[in-house]
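Quick notes on the structure that follows.
Start at 1 and go down the list; that is how both ligands and their atoms are numbered.
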Amino acid sequence: MDCIFCKIAAGIIPSKKAYEDDKVLAFYDLDPQAPVHILIIPKEHIESAAEINADNSAIIAHIFEAAAKIAKDLNLEKGFRIVTNCGEEGGQTVKHLHFHLLAGRMLAWPPG
Ligand code: AMP
Ligand code: ZN
């Protein structure tokens, strides 16, 4: 297993958990870009958004259900952003699909 997020999902590398169920894990980013910065990942290894297909796309709905639960739990009623970076020009550094959930400050648009 040569994937840092697979190791986090398996509990081999520790993380500060925000939410977990049988299919997804959400944990706090080590280098937060906003007062709330959580990563939501499928426990199953999927490299990026470019690898989503008819066989694995149900996990995306599940991840967004988890995001809505986290937003309710953390009282993010002022708003939040969910973003996934894909590939080199998309700014993806970890090649295991993850969604950044950012909140707690006014977020700029468009992103840099
Ligand atoms: P990306 O650049 O979109 O691929 O996002 C990868 C994110 O993973 C970055 O925001 C990193 O700060 C974060 N990250 C990397 N390693 C860890 C870790 N061990 N625990 C928590 N967050 C991490
Ligand atoms: Zn992985």
Considering the options Val94, Ile13, Leu25, which one meets the side chain to side chain contact (heavy atoms under 4.5 Å, CB included) requirement together with Phe5? Val94
Pairs under 3.5 Å, N/O atoms on ligand 1 and on the protein: can you put them in a table with the distances?
{"residue": "ligand 1", "atom": "2 (O)", "partner": "Gly91", "partner atom": "O", "Å": "3.2"}
{"residue": "ligand 1", "atom": "2 (O)", "partner": "Thr93", "partner atom": "N", "Å": "3.4"}
{"residue": "ligand 1", "atom": "2 (O)", "partner": "Thr93", "partner atom": "OG1", "Å": "2.8"}
{"residue": "ligand 1", "atom": "3 (O)", "partner": "Asn85", "partner atom": "ND2", "Å": "2.8"}
{"residue": "ligand 1", "atom": "3 (O)", "partner": "His98", "partner atom": "NE2", "Å": "3.0"}
{"residue": "ligand 1", "atom": "3 (O)", "partner": "His100", "partner atom": "NE2", "Å": "2.8"}
{"residue": "ligand 1", "atom": "4 (O)", "partner": "Thr93", "partner atom": "N", "Å": "2.7"}
{"residue": "ligand 1", "atom": "4 (O)", "partner": "Thr93", "partner atom": "OG1", "Å": "3.1"}
{"residue": "ligand 1", "atom": "4 (O)", "partner": "Val94", "partner atom": "N", "Å": "3.0"}
{"residue": "ligand 1", "atom": "4 (O)", "partner": "His98", "partner atom": "NE2", "Å": "2.9"}
{"residue": "ligand 1", "atom": "5 (O)", "partner": "His98", "partner atom": "NE2", "Å": "2.9"}
{"residue": "ligand 1", "atom": "5 (O)", "partner": "His100", "partner atom": "NE2", "Å": "3.3"}
{"residue": "ligand 1", "atom": "10 (O)", "partner": "Asp29", "partner atom": "OD1", "Å": "3.2"}
{"residue": "ligand 1", "atom": "10 (O)", "partner": "Asp29", "partner atom": "OD2", "Å": "2.5"}
{"residue": "ligand 1", "atom": "12 (O)", "partner": "Asp29", "partner atom": "OD1", "Å": "2.5"}
{"residue": "ligand 1", "atom": "22 (N)", "partner": "Leu30", "partner atom": "N", "Å": "3.2"}

Side chain to side chain, Leu76 and Leu101, heavy atoms closer than 4.5 Å: yes
Sub-4.5 Å side-chain heavy-atom contact between Lys43 and Ile41: no
Are there more than 12 heavy atoms of other residues, nucleotides or ligands under 6.0 Å from atom CG of Asp22? yes
So Val36 and Phe80, do their side chains get closer than 4.5 Å, heavy atoms only? no
Among residues at least two apart in sequence or on other chains, which ones pass side-chain hydrogen bond (donor to acceptor under 3.5 Å, both in side chains) with Asn56? none
Nearby protein N/O/S atoms (those under 2.8 Å) for the Zn ion (ligand 2), with water ignored: Cys3 SG, Cys6 SG, His45 ND1, His96 ND1
With sequence neighbours left out, the residues meeting side-chain hydrogen bond (donor to acceptor under 3.5 Å, both in side chains) with Lys17 are Glu20
Would you say Ile52 and Leu97 make side-chain contact, with heavy atoms under 4.5 Å? yes
Might you confirm whether atom NZ of Lys95 has over 12 heavy atoms from other residues, nucleotides or ligands at distances under 6.0 Å? no
